[in-house]
Amino acid sequence: GKHKSEVRKLMKENMKNLYEDNTTRNTVFNMVKYIDNRGNQTLTYFFSEQDTCLYSNWLCDYSMLNKVVADLNKKYEQSAEDCWYYMHEGRKYTITLTTGEWFFTIKTRAEKQQ
């Protein structure tokens with residue numbers, strides 16, 4: 001739900017190991033992409049036409065799996081084996097871990113309001 005400028009500010013403050021990747025342009029999606037120097041992770045934020053964050057998608061190398069899961073378990077409530085949630089400003093957010101062949105993905109999205 002944050003504005004694109006706020007996401008960029010928070011990334012600079014809290015994820016110093018990732019930097020904004022401006023090497024590619026996507027004309028289909030309104031997004032901002034972050035990568036690390038080693039190529040182990042890519043974090044992409046997707047925005048509405050009003051530049052409000054809709055969800056994030058974090059692709060990580062399997063070498064990071066144990067640390068990422070431990071951090072998720074420490075920071076959030078687990079609701080299923082590969083699913084966590086948290087409340088922020090009265091909205092519930094769901095974090096889902098999906099495994100792939102070469103990487104795993106963490107998707108964070110606000111649940112639809114009733």
Side-chain angles (χ1 to χ4, degrees):
K2 302 258 186 235
H3 190 270
K4 190 184 283 188
S5 60
E6 181 71 12
V7 169
R8 284 183 164 125
K9 179 181 176 222
L10 289 168
M11 285 296 295
K12 277 187 181 180
E13 293 171 359
N14 299 304
M15 299 287 282
K16 296 178 193 264
N17 60 325
L18 298 176
Y19 64 92
E20 191 170 338
D21 178 16
N22 293 313
T23 60
T24 59
R25 294 281 178 228
N26 188 318
T27 58
V28 177
F29 294 104
N30 182 6
M31 58 183 247
V32 178
K33 178 178 162 185
Y34 291 87
I35 59 175
D36 69 353
N37 286 328
R38 296 180 293 173
N40 287 340
Q41 54 187 321
T42 301
L43 177 54
T44 308
Y45 292 92
F46 294 87
F47 298 91
S48 69
E49 290 179 8
Q50 296 77 32
D51 286 341
T52 301
C53 187
L54 300 171
Y55 66 95
S56 66
N57 202 39
W58 185 20
L59 277 70
C60 301
D61 182 84
Y62 274 107
S63 64
M64 300 175 60
L65 182 62
N66 290 338
K67 182 184 182 323
V68 168
V69 170
D71 285 346
L72 291 169
N73 286 334
K74 188 169 81 172
K75 292 177 183 176
Y76 307 110
E77 294 291 323
Q78 193 164 12
S79 58
E81 183 178 338
D82 294 332
C83 199
W84 296 260
Y85 71 92
Y86 66 96
M87 299 295 293
H88 180 70
E89 296 179 357
R91 290 193 74 185
K92 184 176 182 179
Y93 291 81
T94 302
I95 303 167
T96 307
L97 185 147
T98 306
T99 56
E101 189 173 347
W102 304 107
F103 57 87
F104 66 95
T105 304
I106 304 289
K107 183 175 279 188
T108 304
R109 176 183 296 253
E111 290 193 0
K112 291 187 182 358
Q113 292 181 320
Q114 310 254 335

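These figures come from a predicted structure and were not determined experimentally.
Contact annotation: the side chain of Asn30 never approaches that of Glu49 to less than 4.5 Å [non-hydrogen atoms, C-beta and beyond]. Considering only heavy atoms from C-beta on, Tyr19 comes within 4.5 Å of Ile35 through its side chain. When side chains are defined from C-beta on, Phe104 counts as touching Val68, because their heavy atoms get closer than 4.5 Å. Considering only heavy atoms from C-beta on, Met31 stays 4.5 Å or farther from Tyr45 through its side chain.
Among residues two or more places apart in sequence or in another chain, the salt bridge (charged side-chain N to carboxylate O under 4.0 Å, His left out) test is passed with Asp82 by none. Among residues two or more places apart in sequence or in another chain, the side chain to side chain donor-acceptor pair (under 3.5 Å) test is passed with Thr23 by Asp21. Listed by chain and residue number, Arg8 satisfy the side chain to side chain donor-acceptor pair (under 3.5 Å) test with Glu20 (two or more places apart in sequence, or in another chain). Applying the side-chain contact (heavy atoms from CB on, under 4.5 Å) criterion to Glu89, with sequence neighbours excluded, gives Lys2. Among residues two or more places apart in sequence or in another chain, the salt bridge (charged side-chain N to carboxylate O under 4.0 Å, His left out) test is passed with Arg109 by none.
Checked for salt-bridge contact, Lys75 and Asp71 miss the test: no charged N lies under 4.0 Å from a carboxylate O.
The line from NZ of Lys12 to CG of Leu18 is 13.5 Å long, rounded to the nearest 0.5 Å. From Thr98, atom OG1 reaches atom CZ of Phe103 across 9.5 Å, with rounding to the nearest 0.5 Å. With rounding to the nearest 0.5 angstrom, the OG1 atom of Thr52 is 10.5 Å from the NZ atom of Lys4. Put simply, CE on Met87 and NZ on Lys92 are 7.5 Å apart, with the number rounded to the nearest 0.5 Å. Summarising the geometry, atom OH belonging to Tyr34 is positioned 5.5 Å from atom CE belonging to Met11; distances are rounded to the nearest 0.5 Å.
A chain of hydrophobic side-chain contacts below 4.5 Å, direct or via other Ile, Leu, Val, Met, Phe, Trp or Tyr residues, connects Leu43 to Leu72.
The residue from Ile95, Thr94, Thr108 that alone fulfils the side-chain contact (heavy atoms from CB on, under 4.5 Å) condition with Tyr76 is Ile95.
Between Tyr93 and Arg91, the shortest heavy-atom contact is CD1-O, 3.5 Å. Phe47 approaches His3 most closely through the heavy-atom pair CE2-C, 4.3 Å.
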Which side-chain N or O atoms in residues 53-61 pair as donor and acceptor under 3.5 Å with protein atoms at least two apart or in another chain?
from: Trp58; atom 1: NE1; to: Gln41; atom 2: OE1; distance (Å): 3.0
from: Asp61; atom 1: OD2; to: Ser63; atom 2: N; distance (Å): 2.8
from: Asp61; atom 1: OD2; to: Ser63; atom 2: OG; distance (Å): 2.7

**Criterion side chain to side chain contact (heavy atoms under 4.5 Å, CB included) on Thr105 and Leu97, from CA distance to verdict** = CA-CA 6 Å; Thr105 304; Leu97 185 147; over 6 Å; no
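Looking at Asn22 and Lys33, their side chains never bring a donor and an acceptor atom within 3.5 Å of each other.
Panel note: side chain Tyr62, backbone Gly100; a donor-acceptor pair is recorded below 3.5 Å.
In this structure, Gln78 places its CD atom where more than 12 heavy-atom neighbours from other residues, nucleotides or ligands lie under 6.0 Å away.
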